[in-house]
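Comments concern the structure below.
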Amino acid sequence: MKNMLRVAAVTPKVHIGSVSGNVREIMDIYEEYKDAADVIVTPELSITGYTCADLFENRKLIDGARRGLLQLAMATCTGQSALVVGLPFEVDGELFNCAAFLQGGRVMAIVPKTYLPNYGEFYEKRWFSARKYDAVMVNLMDPEDDGDELEYDGSRAVGSEVLFGNNVMIDMGSVDQRVKLV
């Protein structure tokens with residue numbers, strides 16, 4: 001079938017606060033699906049686990065997530081599939097809840113979450129900043145380099161044919177509302 005995109009939405013086993021454990025789980029999934037899907041999407045904050053809470057203030061966890069991101073990017077050299085992973089990512093001293101798009105051994109984009117829930121069991125504003133921009137493009141291939149961040153406003157998403165989201169609220173509204181998102 002022409003113009004078909006095969007997407008695998010996967011849920012790796014999560015090791016809260018263990019970047020190495022989560023990277024290993026994600027790499028295993030990538031190896032399993034790299035020939036079966038065009039894009040493999042993991043959940044929000046999949047590199048660290050969503051429920052790290054105050055561990056998000058731990059420098060070792062944040063630096064480890066950045067290194068884990070590079071490891072996962074390199075893993076995409078072994079297949080054609082792109083990989084979307086979630087991680088806490090720091091820019092200019094602010095921490096963001098981000099999704100990273102990896103392909104061909106490179107970090108192609110890092111997209112910060114723009115809406116942070118702050119009710120019920122959600123306390124994201126305690127640890128993360130919301131971003132006004134839709135994308136932060138970075139070059140992270142050299143772990144010794146801090147990366148040159150280039151910011152793009154929401155106009156970068158205009159004309160996009162496919163949008164990936166690795167965070168979904170439990171209540172997504174009516175069918176009509178969900179269709180409007182697509």
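Computed from heavy atoms alone, side chains included, the values below leave out hydrogens, waters and symmetry copies. What you see is a predicted model, and the numbers here were worked out from it, not measured in a lab.
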Check your understanding: Between C52 and L45, does a side-chain contact (heavy atoms from CB on, under 4.5 Å) hold up when you go through it step by step?
Key -> CA-CA 9 Å; C52 284; L45 296 168; over 6 Å; no
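The backbone N or O of L87 sits nowhere less than 3.5 Å from a side-chain atom of T48 that would complete a donor-acceptor pair. Distance alone, capped at 3.5 Å, is enough to place a donor-acceptor pair between the Y30 side chain and the S81 backbone.
Heavy atoms from other residues, nucleotides or ligands lying under 6.0 Å from OH of Y50 number more than 12. A 6.0 Å sphere centred on CD of Q80 holds no more than 12 heavy atoms belonging to other residues, nucleotides or ligands.
Rounding to the nearest 0.5 Å places CD of E57 at 6.5 Å from CZ of R126. Interatomic distance, CG of D38 versus CZ of R6, reported as 4.5 Å (0.5 Å rounding). Taken from OG1 in T76 to CG in L83, the straight-line distance is 7.0 Å, to the nearest 0.5 Å. In this structure, CZ on R24 lies 6.5 Å from OG on S18, to the nearest 0.5 angstrom. Going from atom CD1 of I40 over to atom CD of Q103 covers 10.5 Å, rounded to the nearest 0.5 Å. The CG atom of L69 sits 12.0 Å away from the CZ atom of R67 when rounded to the nearest 0.5 Å.
Nearest heavy-atom pair, T11 versus I29, reported as atom, atom and distance to 0.1 Å: C-CD1, 4.2 Å. Of all the heavy atoms in S129 and F96, the pair that sits closest is O-CD2, 3.1 Å. The two residues N22 and K13 make their nearest non-hydrogen contact at OD1-O, 3.9 Å. In this structure, V10 and P43 approach most closely via the heavy-atom pair O-CD, 3.3 Å. Contact between Y33 and A8 at its shortest, heavy atoms only, is CD2-CB, 4.4 Å. Of all non-hydrogen atoms in W127 and D54, the two that sit nearest each other are NE1-OD1, 2.8 Å.
Note: the hydrophobic cluster containing L55 does not contain V14 (ILVMFWY, side chain heavy atoms under 4.5 Å, direct or indirect links).
The shortest distance between side-chain heavy atoms of M27 and Q71 falls below 4.5 Å. Taking the side chain as every heavy atom from C-beta outward, F89 and R66 approach each other to under 4.5 Å. Put simply, the side chain of I110 does not reach to within 4.5 Å of the side chain of V91, judged on heavy atoms.
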